[in-house]
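Residue numbers start from 1 in every chain, and the chains themselves are labelled A, B, ... in the order their sequence lines are given, proteins ahead of strands. Just so you know, these numbers come straight off a predicted model, no measurement behind them.
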Protein chains: 2
Amino acid sequence: MPEFTGECAKPQRRSIGARRNPATEAAILDAACDLLREKGVHGLTMEAVARRARAGKATLYKWWPNRGALLVAVYERSKGTHQHKDMGNLVDTIAEFYRYVFAFWKTSEGQVFRLIIAEAQSDQDVAEALERYRLERLAALSEAVGWAQARGELREGVEPDALADTIMAAAWLRLLTDRLTTDPHRLARDVVSGWIVEKQ
Amino acid sequence: MPEFTGECAKPQRRSIGARRNPATEAAILDAACDLLREKGVHGLTMEAVARRARAGKATLYKWWPNRGALLVAVYERSKGTHQHKDMGNLVDTIAEFYRYVFAFWKTSEGQVFRLIIAEAQSDQDVAEALERYRLERLAALSEAVGWAQARGELREGVEPDALADTIMAAAWLRLLTDRLTTDPHRLARDVVSGWIVEKQ
DNA sequence: TCCAAACGGAACGATGCGTTTCGTTTTATA
DNA sequence: TATAAAACGAAACGCATCGTTCCGTTTGGA
């Protein structure tokens, strides 16, 4: 029983029969994640992932037909499902959202989201995955805006969907232009306070 | 005088002495632009550009050390310097801005901007060029918002820079999520009308 | 007159791409 | 219990691009 240990002393996995090996999937996604945080986008190649995970390239291409699919899988595994908290008023609620999402985007897992957006600009599959995720988050955000509307906090004629779109746009722009240090509360005020009814 | 004509029947350029040849620069940027609109991002390789322009790769790398630099150069050459028009009220002014920029972004030259943003997420040089351009456009937009403020159109405490940032964010999000068909006037209203003083 | 620099062109080794083939391992089915 | 099917690691394939390095030619400037 000759036991060859690779660079990371990981024993090589084997087939567990005519079904997908969860250990292989985990090892590949781990390797992809590590490469991303160590070498950035250009470090994430199918070759490098296969080497690091001690997996065959054929296995890689079987489950993730291209780099974009792998990128999406990495993000899907690490993304949080943020539950918006109602802070009693819209500005504080949105400020809390910005605080959470900026903090997440600053982590190495969160940084993957930048790359997803970038990749989506030239990869149709990634674009579709991103669009599904965007709509999902937009709905949750719109619901949070709806809480304020139900309280009579908003001016007449404000559509929660449209306002949520604007709120999200401001967050994306900060991510893409490397301004995650923006003060969340200040930003929330700058984006939504115009839609709040004047206090008498 | 044997005259060899390549695939496009373009005569090969030669050195014009110890100085940069403008014809070479133009031919390379033309080739890069053509490749982008014909084959998309992945068609823009240094190899392909050199082939199409009938230029040496060494020449290419001398003036544009990497793909990002070439991308930026293509955009710099084609980008318009939009002059904001004051339409008498802020919503119409911003609607006009959205109309213009969406129309431009729909063109093949404008599509390069998507790629610039994407490339900037993993290329520091591109990111810096993008940041310079963003600040330049933000200043112009902020000035347009200032016109409305000077007219007393805005609510108390509105900062033109912050509002301009939000206006721009909404535009970028539409570009990146493939929603350039958004109605410009409707969008302008959804983004800025909250900051307009109530009419009595 | 001679040097320096730019130019096109060709070649280099290295790396990643996506596919194919092989032998092994294990489950599912007959 | 025998057989087919599928997944796995590993290696190799041809191809493309990368970024660099030569070469010989052309031409302006010192």
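- For the pair A/R20 CZ and D/dA7 C1', the interatomic distance rounds to 11 Å; values are reported in whole Å.
- Within residues 61-76 of chain B, the residues approaching DNA chain D are B/Y61, by heavy-atom distance under 4.0 Å.
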> Reading nucleotides 25-30 of chain C 5' to 3', which nucleotides get B (base under 4.0 Å from a protein heavy atom), which S (sugar-phosphate only), which -?
Replying inline: BBS---
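- In this structure, CD of A/E47 is placed 6 Å from P of C/dG16, rounded to the nearest angstrom.
- For B/L60 and C/dG9, the CG to P distance is 13 Å, given to the nearest whole Å.
- Aromatic pair A/Y133/A/Y75: ring centres closer than 6.0 Å.
- Looking at A/Q149, its side chain does come within 3.5 Å of a backbone N or O of A/V158 through a donor-acceptor pair.
- OP1 or OP2 of D/dA10 has not a single side-chain nitrogen or oxygen of A/R51 nearer than 4.0 Å.
- Between the base of D/dG9 and the side chain of A/K57 there is no donor-acceptor pair shorter than 3.5 Å.
- Within 4.0 Å of B/A50, counting heavy atoms only, lies no atom of the nucleic acid at all.
- Checking the phosphate oxygens (OP1, OP2) of D/dA16, no side-chain nitrogen or oxygen of B/T45 falls inside 4.0 Å.
- Taking CD of A/E25 as the reference point, atom CH2 of A/W63 lies at 8.5 Å (rounded to 0.5 Å).
- Rounded to an integer number of Å, the gap from NE2 of A/H42 to P of D/dT17 is 16 Å.
- For A/R13 and D/dA10, the CZ to C1' distance is 13 Å, given to the nearest whole Å.
- When rounded to the nearest whole Å, the span between CZ of B/R52 and P of C/dG8 equals 16 Å.
- A salt bridge does not link A/R67 with A/D125: none of the charged nitrogens is closer than 4.0 Å to a carboxylate oxygen.
- The neighbour count for A/K106 NZ, taken as heavy atoms of other residues, nucleotides or ligands under 6.0 Å away, is above 12.
- Salt bridge absent: A/K85 and A/D92 never bring a charged side-chain N and a carboxylate O closer than 4.0 Å.
- Between B/Y98 and B/W105, the distance from one ring center to the other does not fall under 6.0 angstrom.
- Remark: side-chain polar atoms of B/R37 are not paired, donor with acceptor, to backbone N or O of B/T107 under 3.5 angstrom.
- If you measure from atom CG of A/N21 to atom P of D/dA7, you get 11 Å, rounded to the nearest angstrom.
- Within the 3.5 Å criterion, the main-chain N or O of B/H84 finds no donor-acceptor partner in the side chain of B/E96.
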